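Report on one structure; see the data block that follows.
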Amino acid sequence: MNAHPPLVGEGRLPRSRCGLCHIDLDHISVTRGGQTVLQDVDMHIHCGQLTVLIGQNGAGKTTLVRALLGELPHTGHIRHLNETGHPVGHLRTGYVPQHLDFDREMPLTVADFMGAAFSRRPVWTGLSRCTLDRVREALAQVKGEELASRPLGRCSGGEIQRVLLALAMTPSPDLLVLDEPVSGVDQNGLALFLDTVTELKRRHHMAILLVSHDLQLVREYADYVVLLEKTVLCQGAPDYVFTSEAFQRTFEGGQQAC
Amino acid sequence: MLNAVYSLLDLLGVEALRFTFMKNALIAVVLLTPLLGLLGTMAVNQQMAFFSDALGHSALTGIGLGIILGVGSDLISMIVFGVIWALVISAIKHRGSASADTIISVCSSLSIAAGLLILSSGGGFARYSSLLIGDILAVRETDLLYLLLALIGGVALWCVMYNALLLTGVSPSLARSRGVPTRLTEAGFVVLVAVAVMLSIRWVGVMLINALLIVPAAAGRNLARSARGHAAWSVGIALVCGIAGLMVSYSLGTAAGAAIVILAALCYLLSLICKHKRG
């Protein structure tokens, strides 16, 4: 279905197509205000895979993401390893936040917003042709070319998710972190978003970590599932995790994962 | 150099510009309103109107403290105190669990009260009443050089930090993930606003300084679709209303700040109408 030509000539080739290089989270613990929020989290996020983090509200999903982004002090190690287990330099992370809490009346086009991230030239002086090209290119990756000139405040929840995804994909990251991108987006928008993510995964072969609410969709799209409750309760293929005892205990009384 | 500008203004043949104080006032307006217009775009987008209001009020405290500490120049004590106060308010805002509105309101009241307390001691506040409504005669020739430097420095800083500030305003966590030092950026912005406000306060007055920052940008917001349009409208409205307001105040014999702000407010009303017509 997604028969893309090889990416030669499109700039960066994937560093590896092996599925073996990974981001290694080794005994990650986070303490906040004297309380242990995360304890000894051990997990791998493999390149070319969509790893989905699930768990109850307050299980520490967002905390783990913030630790991964370097926003929270933590103990333990986060390493980026290649297929032979050797560390590869700096981990480039693209991040799609949960939602944008901004003033929707702000006079700001999608191109302005993305241009502010791509270029040093202050966007109130206008966008250079080169920056505009980069914006269009980035939006094309998420099938959002038509959004460039639209005010950001006039975009729907799903469209804003795609803009954020395009932003996180430029420059191409080693690890893409999607923090609960499901809230405020309807089912159609969500499926479209996850289709786009899956396509990007195939084309760029990067590691993707998704924090998710929607267990139904997790089962459909995830390659690997991690069930978190202060520490990792269970991890593995979706079917394995979904039939585990830990999963039954956590989500007892219906499939309400929030 | 100033003389060249003076003779250029004489060429315009405007009756009001016969006087040197009017020439100085006009130059001050032309130098300061664009900077305030630019900074205002971000202040309205980030809902900081109340914050800059509190900042303007703190000029009274700044001058009061300057007198107590024996600082020779009003301007320096206003700027130093304004910068410190701006950083304190934004730090409290970041820490506090109470609503930002409440915190800023308390800070604002405190700074007015402290300023009045100091400046009215001995019953001599009348001397400072021009601070409240502003006085264009207060613009001296030496001030113009500082204003020019402020304009150049302010716009340069604005160019450097605008993109970072924009990303921070839309989403701090996204900005941090792209390597933006969000706290430093926000601190830089409030310091810049503090300096621009304090430089303008002597001729616009404590009561109206915030309007000059906010109203043109608020009008521009209704008219623009893009960041560039917003900056252009805001600077344009600030500049046109500044010059026109100065001339109106001369012929009516009123405070210049008041005339400028009334014109800007009219622009805001017109912009609202335009916005509703466009839908």
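All heavy atoms count here, side chains included; hydrogens, waters and symmetry mates do not. Every chain is numbered from 1, with letters handed out A, B, ... down the list of sequences. Computed from a prediction, not measured in an experiment: that's the story for all the values here.
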Shortest non-hydrogen pair, B:Ala217 vs B:Gly37, comes out as CB-O, 4.4 Å
Heavy-atom nearest pair, B:Leu165 first then B:Gln46, reads O-NE2, 3.3 Å
Max heavy-atom pairs within cutoff under 4.5 Å with chain B, candidates A:Gly153, A:Gly70, A:Ala117, goes to A:Ala117
Cut-off 4.5 Å, heavy atoms of chain A, and the answer for B:Ala227 is both
Under 4.5 Å to a heavy atom of chain A? For B:Leu166 that would be side chain
Cut-off 4.5 Å, heavy atoms of chain B, and the answer for A:Ala168 is backbone
Among A:Thr125, A:Val177, A:Leu69, the residue with the most heavy-atom pairs under 4.5 Å to chain B is A:Thr125
With chain A, the option among B:Ala231, B:Ala224, B:Ser226 that has the most non-hydrogen atom pairs under 4.5 Å is B:Ser226
Most heavy-atom pairs under 4.5 Å with chain B, out of A:Leu167, A:Leu164, A:Asp101, A:Thr93, belong to A:Leu167
Rounded to the nearest 0.5 angstrom, the SG-CD1 distance for A:Cys155 and A:Ile160 is 5.5 Å
* Distance-only side-chain donor-acceptor flag, B:Ser108 / B:His57, under 3.5 Å -> yes
Highest number of heavy-atom pairs under 4.5 Å with chain B among A:Thr109, A:Asp103, A:Leu100 belongs to A:Asp103
When the 4.5 angstrom heavy-atom criterion is applied to B:Val180 and chain A, the contacting part is neither
When the 4.5 angstrom heavy-atom criterion is applied to B:Arg221 and chain A, the contacting part is both
Whatever's closer than 4.5 Å to a heavy atom in chain A on B:Leu223 counts as neither
All heavy atoms of B:Ala54 vs all of B:Ile104, minimum pair found to be CB-CG2, 3.7 Å
Self-check item: Sub-4.5 Å side-chain heavy-atom contact between A:Asp112 and A:Leu127
Solution: yes
Nearest heavy-atom approach of A:Leu165 to A:Leu200 is CD2-CD1, 3.8 Å
The interface call for B:Arg225 against chain A, heavy-atom contacts under 4.5 Å, is both
In terms of heavy-atom contacts, A:Arg154 and A:Glu159 come closest through O-OE1, 4.4 Å
